[in-house]
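Small disclaimer: the values here were computed from a predicted structure and weren't measured. Chain identifiers are assigned alphabetically (A, B, ...) following the order of the sequence lines, protein sequences preceding nucleic acid strands; residue numbering begins at 1 within each chain.
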2 protein chains.
Amino acid sequence: MAKRRSASAKCCDDASPCVLPSDQSAEQFASLAWALAHPARVRIVRLLISRDTCVCGEIVDEMPLAQSTVSQHLKILKESGLVQGEVDGPKVCYCINPEKLAMLKSLVASL
Amino acid sequence: MAKRRSASAKCCDDASPCVLPSDQSAEQFASLAWALAHPARVRIVRLLISRDTCVCGEIVDEMPLAQSTVSQHLKILKESGLVQGEVDGPKVCYCINPEKLAMLKSLVASL
DNA sequence: GTCCTTTATCGTTGATCGACGATATTATCG
DNA sequence: CGATAATATCGTCGATCAACGATAAAGGAC
């Protein structure tokens with residue numbers, strides 16, 4: 001949602017980036033907020049922060065959701081940049097991206 | 001979205017609150033994040049913070065959106081508790097709810 | 001009382017979310 | 001190479017978002 005806003009006339013023409021005029025920062029903010037706008041994703045992020053060791057499929061076990069659903073949430077988190085995935089054999093280890101997390105904190109703190 | 005999660009089996013039965021098990025805080029977090037998960041709402045919140053005087057329909061002028069759309073966003077912000085509206089004659093003045101804002105900052109900072 | 005202004009609500013439409021099961025993908029192991 | 005395990009992706013479905021225009025509602029002004 002935060003990424004590809006529907007280009008509904010009036011806001012932007014053809015090739016323009018379609019950010020609300022003069023506020024690209026709001027886009028960035030909303031994009032990060034969006035990543036955490038779902039309880040499951042909040043839990044995942046908290047989990048990843050708490051465990052320095054990047055977990056992988058343990059996340060699925062922690063959540064009352066299907067594996068595919070968790071995978072989708074992870075994808076969203078990855079797209080937001082808050083989370084990074086690293087392939088480790090057949091598994092994938094996820095971890096927090098500290099820079100993005102710091103950026104989020106900074107953006108919120110400077111509200 | 002943050003409020004009435006679709007109750008899709010498996011997660012909760014009849015009258016249960018349907019929070020992800022043992023994490024009601026994630027619900028609260030997500031609810032606040034959701035309020036700011038749209039660039040327009042980020043801009044509105046920033047606007048309200050910058051102007052100590054609670055603005056009203058000026059918000060509409062600041063945004064490239066229809067009046068009804070802005071009103072909808074304001075409704076969402078009000079429901080999140082981040083913003084309060086106060087009737088002033090025919091106009092309505094909006095302002096930030098400092099407590100909710102503080103709560104948001106606290107939740108994010110303690111990530 | 002009637003107009004005008006301001007804001008909220010309604011109704012619609014298209015797009016996206018969020019959930020799931022089923023299936024594809026990829027890598028290790030025997 | 002074939003089987004197994006771990007993830008990702010696909011396809012679907014119902015619900016919600018986000019936008020708009022049109023209309024209702026409420027208060028002030030003349």
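Rounded to whole Å, the distance from CD1 on A:I44 to P on C:dG18 is 11 Å. In this structure, B:Q67 atom CD and C:dT9 atom P are separated by 11 Å, rounded to whole Å. In this structure, A:I76 places its CD1 atom 12 Å from P of D:dT9, rounding to the nearest Å. Atom C1' of nucleotide D:dA18 and atom NE2 of B:H38 are separated by 6 Å, given to the nearest angstrom. Atom pair A:K75:NZ and D:dT9:C1' shows a separation of 7 Å (rounding to whole Å applied). To the nearest angstrom, P of D:dA18 lies 12 Å from CG of B:L36.
No more than 12 heavy atoms of other residues, nucleotides or ligands lie within 6.0 Å of CD in A:E86, so this atom counts as exposed by the packing criterion. In this structure, A:K105 places its NZ atom where more than 12 heavy-atom neighbours from other residues, nucleotides or ligands lie under 6.0 Å away.
The side chain of B:Q72 lies closest to D:dC20 when the candidates are D:dT9, C:dA19, D:dC20. Closest to the side chain of B:S71, out of D:dA18, C:dG18, C:dT9, is C:dT9. For B:H73, whose side chain is taken as the heavy atoms from C-beta onward, the closest listed nucleotide among D:dT9, D:dA19, C:dA19 is D:dA19. Relative to the side chain of B:W34, the nucleotides C:dG21, D:dC17, C:dG18 differ in distance, and D:dC17 lies closest. Comparing atom distances between the B:R41 side chain and each of C:dC20, D:dT9, D:dA18 picks out D:dA18 as nearest.
No contact: B:L74 has no heavy atom under 4.0 Å from any strand.
Of the residues in residues 84-94 of chain A, those with a non-hydrogen atom less than 4.0 angstrom from any atom of DNA chain C are A:G89, A:P90.
Not one side-chain nitrogen or oxygen of B:T69 sits closer than 4.0 Å to the OP1 or OP2 atom of D:dA19.
Of all the heavy atoms in B:L107 and B:F29, the pair that sits closest is O-CE1, 3.6 Å.
If you run side-chain contact (heavy atoms from CB on, under 4.5 Å) between A:H73 and each of A:I59, A:V45, A:L65, only A:L65 comes through.
Both A:V70 and B:G57 lie near DNA chain C, and the one whose nearest nucleotide falls closer to the 5' end is B:G57.
Salt-bridge annotation for B:R51 and B:E62: present, with a side-chain N of the basic residue lying under 4.0 Å from a carboxylate O of the acidic one.
The distance from the CG atom of B:L77 to the CZ atom of B:R41 is 6.5 Å, given to the nearest 0.5 Å.
Contact check for B:Q67 versus B:S71: side-chain heavy atoms found under the 4.5 Å cut-off.
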